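These figures come from a predicted structure and were not determined experimentally. We count ligands from 1, going down the list as the structure has it; atoms in each ligand are counted the same way.
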Amino acid sequence: MSLLQVCSHAGHLPLSQVAAVQGRVVLADVERVCVVGSGNWGSTVARIIGQNTERLGDRFDRSVKMWVYEEIVDGQKLTEIINTRHENVKYLPGVELPSNVIAVPDLAQAASGATILVFALPHQFLPKLLPTIQQARSSNAIAVSLIKGMATGCDISVLMGANVADEVARGDFCEATIGYRSKGNAELIKTLFEQPTFQLRLIPDPVGVEIFGTLKNVIALGAGFVDGLGYGTNTKAAIMRIGMHEMLRFGETFFPEMMKDTILESCGVADLITTCFGGRNRKCAEQFARGPRDWKQLEASMLGGQKLQGVSTIEHVHKMLRDKQVVGRFPLLDLIYRICMCACEPEEIVRSASTCYVAD
Ligand SMILES: NC(=O)c1ccc[n+]([C@@H]2O[C@H](COP(=O)([O-])OP(=O)(O)OC[C@H]3O[C@@H](n4cnc5c(N)ncnc54)[C@H](O)[C@@H]3O)[C@@H](O)[C@H]2O)c1
């Protein structure tokens with residue numbers, strides 16, 4: 001199920017209606033940015049954007065509003081901590097945020113007048129926020145989604161890549177991909193994000209960028225099972241290769257307009273490698289294979305408030321496979337689903353490798 005469908009099924013506005021401005025002819029006098037989300041990645045991109053709007057003051061309002069889901073941390077409101085200490089102590093500890101990044105707990109106030117909306121929060125929280133944003137945003141707002149969950153069909157750009165937030169936040173060099181429908185909008189977004197250590201490539205394939213960005217979280221669960229069972233890098237590389245194969249096949253099956261070469265971009269193979277060696281999905285799946293086999297407990301005990309994405313994604317993806325009656329063409333995705341949801345033994349992922357994964 002795509003994010004767009006999630007929004008529609010829940011009776012909420014699809015993302016496309018929140019930012020339906022494709023190829024703006026008239027640019028805003030000054031672009032005003034709202035980052036919707038303030039987790040590990042949301043805070044990291046707010047930091048980058050804040051540094052850039054400070055530098056590019058003739059084009060962008062220097063102040064960047066960051067919507068924060070209010071929480072109490074050590075007896076104090078998280079927004080107050082961010083606005084006084086300029087640090088998101090819960091989701092990006094130890095990293096200074098620029099003083100022009102303003103934490104706002106009220107969503108309507110944060111999105112009010114925004115001409116660029118940057119969506120950076122776990123996908124499950126998005127649907128209920130969209131009506132408020134739709135009311136508050138500027139009528140010519142454009143949007144970019146950094147959410148690893150498919151919003152295919154929306155008139156928005158998507159930005160994905162091999163970007164572990166903590167490494168981006170400390171300034172390690174990396175790349176990312178912007179998938180666009182409107183090149184003009186994508187170029188504006190590139191200006192907003194780009195830094196010498198954060199390089200962006202523009203690709204006219206938003207669907208491919210989202211599919212790879214989303215499915216890599218699922219393949220990373222498979223990589224984590226292999227780690228948890230004690231296998232080495234050869235075995236993990238085999239799972240990753242088969243995973244790439246099924247990612248491409250998934251795109252061909254459900255979104256034939258997808259461009260195959262997108263898998264060679266940062267949002268494709270590079271993000272898959274990073275996630276299968278580093279990310280939180282791999283980490284929790286490694287522990288799941290050893291036990292306890294309880295995702296909620298693992299998320300709560302291992303991620304410090306961050307959210308696991310791969311498990312809810314494979315539920316949606318497997319439903320898409322079942323609805324289209326193509327489960328048999330995706331043996332790895334099917335097995336990851338059965339290990340996650342149906343008490344199938346993680347060891348099956350290796351046992352099956354010599355038989356059912358021999359791809360045609
Ligand atoms: N962290 C990374 O390294 C990274 C890198 C690239 C992309 N991404 C993607 O970016 C997106 C955002 O990830 P993240 O790492 O910033 O999130 P996160 O898991 O670090 O943070 C969780 C966020 O959800 C918020 N939240 C908790 N309960 C909520 C509720 N009921 N309603 C609304 N918000 C609530 C929290 O305040 C917090 O901001 C995800 O799709 C992720 O896959 C993450």
S.K.: Should Met160 be listed as contacting ligand 1, given a heavy-atom distance under 4.0 Å as the test?
M.R.: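 Distance cut 4.0 Å: Met160 fails for ligand 1.
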
S.K.: Indicate, as side chain, backbone, both or neither, the part of His123 found under 4.0 angstrom from ligand 1 when only non-hydrogen atoms are considered.
M.R.: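 His123 to ligand 1: no contact under 4.0 Å from either part.
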
S.K.: Does the side chain of Asp205 come under 3.5 Å of the side chain of Thr262 through a donor N or O and an acceptor N or O?
M.R.: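 Side-chain D/A pair, Asp205 to Thr262: present.
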
S.K.: Do any nitrogen or oxygen atoms of Lys307 lie less than 3.5 angstrom from nitrogen or oxygen atoms of ligand 1?
M.R.: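 By distance alone, the answer is yes.
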
S.K.: Would Lys90 count as a contact of ligand 1 if the rule is a heavy atom under 4.0 Å away?
M.R.: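 No, that is not the case, since the closest heavy atom of the residue is not under 4.0 Å from the ligand.
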
S.K.: Mind checking whether Lys128 contacts ligand 1 via backbone (N, CA, C, O), side chain (CB onward), both or neither, at a 4.0 Å heavy-atom cut-off?
M.R.: side chain

S.K.: Mind checking whether Phe250 and Phe254 have parallel, tilted or perpendicular rings, split at 30° and 60°?
M.R.: tilted

S.K.: Which atoms of ligand 1 sit under 4.0 Å from any heavy atom of Ile147?
M.R.: 41 (O)

S.K.: Taking distance alone, with N or O pairs closer than 3.5 Å, would you say Lys148 contacts ligand 1?
M.R.: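 Between Lys148 and ligand 1, an N or O pair is found under 3.5 Å apart.
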
S.K.: If only side-chain N and O atoms count, and only distance matters, is there a donor-acceptor pair under 3.5 Å linking Arg322 with Gln325?
M.R.: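 Their side chains do not contain a donor-acceptor pair, so the 3.5 Å distance test is not met.
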
S.K.: Output yes when the distance from some N or O of ligand 1 to some N or O of Pro122 is under 3.5 Å, and no in every other case.
M.R.: no

S.K.: State whether Arg170 and Asp166 are salt-bridged, where the test is any N-O pair (Lys NZ or Arg NE/NH1/NH2 against Asp/Glu carboxylate O) under 4.0 Å.
M.R.: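 Salt bridge flag = no for Asp166 with Arg170.
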
S.K.: May I ask you to list the atoms of ligand 1 that are less than 4.0 angstrom from any heavy atom of Glu71?
M.R.: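 In order of number, 36 (C), 37 (O).
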
S.K.: If hydrogens are left out, which of Gly39, Gly304, Ala46 has an atom nearest to atom 21 (O) of ligand 1, that is, the closest non-hydrogen atom?
M.R.: Gly39

S.K.: Does the N or O separation between Gly42 and ligand 1 drop below 3.5 Å for any pair?
M.R.: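 For ligand 1, there is an N or O atom that lies under 3.5 Å from one belonging to Gly42.
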
S.K.: Does an N or O from Trp67, backbone or side chain, lie closer than 3.5 Å to an N or O of ligand 1?
M.R.: no

S.K.: Would Gln309 count as a contact of ligand 1 if the rule is a heavy atom under 4.0 Å away?
M.R.: yes

S.K.: According to the ring pair (Phe, Tyr, Trp, His ring centres under 6.0 Å) rule, which pairs have a member within residues 183-242, sequence neighbours left out?
M.R.: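 Qualifying pairs, neighbours excluded: Phe225-Phe288.
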
S.K.: Partners of Pro122 by side chain to side chain contact (heavy atoms under 4.5 Å, CB included), sequence neighbours excluded?
M.R.: Gln124, Phe125, Lys307, Gln309

S.K.: Determine the sole option in Val207, Ile156, Val158 for which the side-chain contact (heavy atoms from CB on, under 4.5 Å) test with Arg181 is passed.
M.R.: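 Checked Val207, Ile156, Val158 against Arg181; only one passes side-chain contact (heavy atoms from CB on, under 4.5 Å): Val207.
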
S.K.: Closest approach of Ile178 and Ser157, non-hydrogen atoms and distance?
M.R.: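 So the two residues come closest at CG2-CB, 4.1 Å.
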
S.K.: Kindly identify the option in Phe119, Tyr91, Tyr69 whose heavy atom sits closest to atom 28 (N) of ligand 1.
M.R.: Tyr69

S.K.: Which residue from Leu159, Asn163, Leu121 reaches closest to atom 5 (C) of ligand 1 through any of its heavy atoms?
M.R.: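 Looking at heavy atoms only, the winner is Asn163.
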
S.K.: Does the residue Ala120 have a heavy-atom contact with ligand 1, meaning some pair of atoms that are separated by less than 4.0 Å?
M.R.: yes

S.K.: Would you say the side chain of Leu159 lies within less than 4.5 Å of the side chain of Thr177, judging by non-hydrogen atoms?
M.R.: no

S.K.: Only heavy atoms of Val164, strictly under 4.0 Å: list the atoms of ligand 1 that pass.
M.R.: 3 (O)

S.K.: So which of Ile49, Leu192, Asn52 actually passes side-chain contact (heavy atoms from CB on, under 4.5 Å) with Phe60?
M.R.: Leu192

S.K.: Does the pair Glu348/Arg351 count as a salt bridge with the N-to-O cut at 4.0 Å?
M.R.: yes

S.K.: Which of the atoms of ligand 1 are close to Ala165, meaning less than 4.0 Å from one of its heavy atoms?
M.R.: 1 (N), 2 (C), 3 (O)

S.K.: Any side-chain donor paired with an acceptor under 3.5 Å for Thr275 and Lys216?
M.R.: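 Short answer, yes.
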
S.K.: Using a heavy-atom cut-off of under 4.0 Å, does the side chain or the backbone of Trp41 touch ligand 1, or both, or neither?
M.R.: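 It is both parts that get close, each with some atom under 4.0 Å.
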
S.K.: Mind checking whether Thr44 contacts ligand 1 via backbone (N, CA, C, O), side chain (CB onward), both or neither, at a 4.0 Å heavy-atom cut-off?
M.R.: neither

